[in-house]
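To start, the structure under review is shown below, and the notes come after it.
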Protein chains: 2
Amino acid sequence: MTKVKIHSKEIPVKTIGRLSQYRRALLICSQKGKTHIFSHEIAAIQHVTAVQVRRDLMLIGFNGSLKQGYDISKLIAVISEILDYEPGVNVAIFGLGNFGRALFNYFHGKRSLLRIVATFDSNTEKIGTEYNKVYCYSPYRVEEIIKKKDIKIAILTVPPDKAEEVAKKVVDAGIKGILNYTSTPIDVPDDVFLDEYDMITTMEKAAFFVKMNELNL
Amino acid sequence: MTKVKIHSKEIPVKTIGRLSQYRRALLICSQKGKTHIFSHEIAAIQHVTAVQVRRDLMLIGFNGSLKQGYDISKLIAVISEILDYEPGVNVAIFGLGNFGRALFNYFHGKRSLLRIVATFDSNTEKIGTEYNKVYCYSPYRVEEIIKKKDIKIAILTVPPDKAEEVAKKVVDAGIKGILNYTSTPIDVPDDVFLDEYDMITTMEKAAFFVKMNELNL
DNA sequence: ACAGTATTGTTATTAATTTAACAATAATGA
DNA sequence: TCATTATTGTTAAATTAATAACAATACTGT
């Protein structure tokens, strides 16, 4: 899926990602008391080009004024209208190791409409405990809890050899979005959103560039 | 930077990333005793298309045989020739919170040529201690240690308001690759590799898709 | 009043990436 | 022997994304 329809207009998924970034920049500016902002200012904060900002905002039909630029609070509202989903989306973390806990903390309270409402781990010492007030369940209860708590997004930080199995299980239970942080690529049906971020690949790319850098100079 | 020269051929950076993925798939197959593999098999493991695999391998000049496909160990060797950098690249983690430690563990021992040789944290309780045998230094010693230990890649997991400052500092000290896991976008000179992964944006994208999914059905 | 300036909104162009198409090839088996 | 099959390697087309170009506009200062 590369494009999405909003107000009967096709919008690239990449634009959606940038809108989220723009909003973050806008929220910070808003907190500082700023009321208006120019495309090149947004661009500078999120290191994209000003043209791209204008293009993205054009796509969602948001207009700025020539002398003041864009009205920050209105733009936040419009972006939120697009991105947010009242009354929010419930999220669960699968695998409560270092990574899982780190993501939990990284996230905790940052977005009121995205709530981590459950965690799962196969370690019997963790099952039944609470981490930051969120209960840790046994893997046996995946289906039951996903349905009962209406969980729609799964964050996968399980060991690589468990990734596929867990992915299958959560999709069957009704999960509609997976963030896969294991090193195992997984397959999901077309109607499930999948993001896979693989740090090892990223590191290898970085190392490759270091090599290029040194060999070509 | 979108393309790279290898053997006087232009190779897209995206291909570099996929080569890293292919190698991982190949290593697993190799361990299972498999000696040859078809493009569609690699494709299935890493969920890309077979055409793309063949195209990527064409770009690096690797040939398979018509009936057996690609020789796994030779392909691993060729990819390693491209990606790896003897005698390895030294890496440091900046910010030894949950996230930093998680990345450390995730990584530890996975790639012998990519070594985490130092960590930095401003917490005085952590400074001077060792985490998994790797020393934690004070931020004051960034420049000194980067140079002394020949560190080339920085993983940033510091608080968002410190990201830019730390980035500037490490670039000045000679870092050539940054993996930025803070929520603050940073700017680096053209010759420094930068990867920014922002989990909040990703989550918001996932939530957006959940919303689309439910509204359109 | 009017030239100069800075910015938006939009179209056009270029670049990058992916997907499709297909000839070439080698093995298989009737 | 010769059609069938499965696969590679490569070129061509299509798609997607980013960049550039520029008219339109509204404000500023002279």
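None of the values given here were measured: they were computed from a predicted structure. Quick note on labels: first sequence line is chain A, next is B, and so on, each numbered from 1.
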Using salt bridge (Lys or Arg N to Asp or Glu O under 4.0 Å) as the criterion, list what pairs up with B:R18, not counting sequence neighbours.
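Only B:D56 meet the salt bridge (Lys or Arg N to Asp or Glu O under 4.0 Å) criterion with B:R18.
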Sequence neighbours left out, what pairs pass salt bridge (Lys or Arg N to Asp or Glu O under 4.0 Å) with at least one residue falling in residues 82-101 of chain B?
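Of all non-adjacent pairs touching residues 82-101 of chain B, those that pass salt bridge (Lys or Arg N to Asp or Glu O under 4.0 Å) are B:R23-B:D84.
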Check for me whether the distance between the ring centres of B:Y106 and A:F99 falls short of 6.0 Å.
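Centroid separation for B:Y106 and A:F99: below 6.0 Å.
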Within the supplied structure, the quantity of interest is the number of heavy atoms (other residues, nucleotides, ligands) at a distance under 6.0 Å from [X] [atom1]; does it exceed 12?
| X | atom1 | value |
| --- | --- | --- |
| B:E164 | CD | no |
| A:K74 | NZ | no |
| B:K34 | NZ | yes |

Can you give one letter per nucleotide of nucleotides 2-14 of chain C, going 5' to 3': B for a protein heavy atom under 4.0 Å from the base, S for sugar-phosphate only, - for none?
-----BBBBBB--
Nearest whole Å is fine: how far is [N] [atom2] from [X] [atom1]?
| X | N | atom1 | atom2 | result |
| --- | --- | --- | --- | --- |
| B:L59 | D:dT10 | CG | C1' | 11 Å |
| B:H36 | C:dA26 | NE2 | C1' | 15 Å |
| A:K14 | D:dT19 | NZ | C1' | 14 Å |
| B:D71 | D:dT7 | CG | P | 17 Å |

OP1 or OP2 of C:dT18 under 4.0 Å from side-chain N/O of B:R18:
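Answer is yes, contact under 4.0 Å.
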